[in-house]
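Written out below as structure tokens is the structure these notes cover.
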Amino acid sequence: MLLKDRIVWVTGASGGIGRSTALKLASEGATLILAGRQEERLHAVAEEIRASGASACTVFAYDVANQEEVQQTFKEAAAKYGRLDGMVNNAGILEESLLSTLKHDHLQRVFSVNVFGTLYHMQMASRLMMRKKQGSIVNISSIIGSSGKEGLSVYGASKAAVNGAVKSAAKELAPFGIRVNAVAPGFIATDMTGKLKEDIYRMRMGSIKMKRAGLPEEVADTVLYLLSDLSKYVTGQTIGVDGGMVE
Amino acid sequence: MEQKLRTIFAESLEIPEERVKDELEYNTLPEWDSISHMSLIAAIEDSFDIMLDTEDVIDMSSFGKAKEIVAKYGA
């Protein structure tokens, strides 16, 4: 097993890519911390993991965009486990808005979760990882962060910010044995992408060379690679999982 | 606590324990730079089994201050 005895924290673990990632990591031996706001759904994922016979996991329900709550939760986790080996920053929100109708609330909401929340977790996770001078942080970005799309200027900007944070953090944390990378999914079949308007959905499918949406499990496979020693000399990278998106 | 903290400082900054006095300040010697500061914080947290608030990480500007901060956590 690639993650035997490793403690890995996954935000936004209640559904979509987060849930699939949690199940994948658990099947590879990781002890999981499942985080997010939807406590009932997190417990349901925890139950799925237990039922599969994988390692035990802990559920922490909190607002990933609230720095005080993040710090407090990390203190609780530190008291319980004393270390952290992997951090998957998956929690994110996707909302579309044309620039002409953009409102401050929209900007605030998307950046609070996608950027601030990710940075808060990178900060606290790296501090826990420094204790053992090892660890891997994986941020779930998006192909939109590099290629862009109509109606997704805010979301794209937030994911570009995540990619930028990965580059700098990888350099800052390398002396401590901590790797930092991102996975940039393309069009993945999840609840989040299911909320897109019909015309935008059709446009996305038309740009995929493999002619199908990706599966959350296919993103999880890349997260697993980046958390494991298979990628022990890989840091500062954003790996696309997009079926060959051409635009 | 004080002696344990002194030993952590000496080992993390790779300096003799005799040099670890209350007046020892961050960035006043080459051994205590921003990188070694984070190693020092990690060693303190690991040894005392605590997790410091971010403000305390920033405020830990001398050995004397570190003693005050660590004491606050009941270590």
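By convention in this document, chain letters (A, B, ...) are assigned in the order of the sequence lines, proteins followed by strands, and residues within each chain are numbered from 1. Heavy atoms only: backbone and side chains are in, while hydrogens, waters and symmetry mates are out.
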Under 4.5 Å from any heavy atom of chain B - which part of A/M129 =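 Contact with chain B involves no heavy atom of A/M129 at all.
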key: Heavy-atom contact with chain B under 4.5 Å, split by part of A/Q123   =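 For A/Q123, the contact with chain B is made by the side chain alone.
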ask   = Top residue by heavy-atom pair count (under 4.5 Å) with chain B, among A/M130, A/M124, A/R131?
value =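 Maximum pair count with chain B is reached by A/R131.
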Max heavy-atom pair count under 4.5 Å with chain B, selected residue of A/R127, A/Q71, A/Q67 =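 The option with the most such pairs is A/R127.
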Does atom [atom1] ([X]) have a neighbourhood of more than 12 heavy atoms from anything else shown, all under 6.0 Å?
| X | atom1 | value |
| --- | --- | --- |
| A/E68 | CD | no |
| A/R83 | CZ | yes |
| B/Q3 | CD | yes |
| A/K133 | NZ | yes |

[X], part contacting chain A, at a heavy-atom distance under 4.5 Å:
| X | result |
| --- | --- |
| B/L52 | both |
| B/S34 | neither |
| B/S39 | both |

inquiry  = Quick check for you: to the nearest 0.5 Å, what is the distance between B/M51 atom CE and A/L128 atom CG?
reply    =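 Output value for this atom pair is 4.0 Å.
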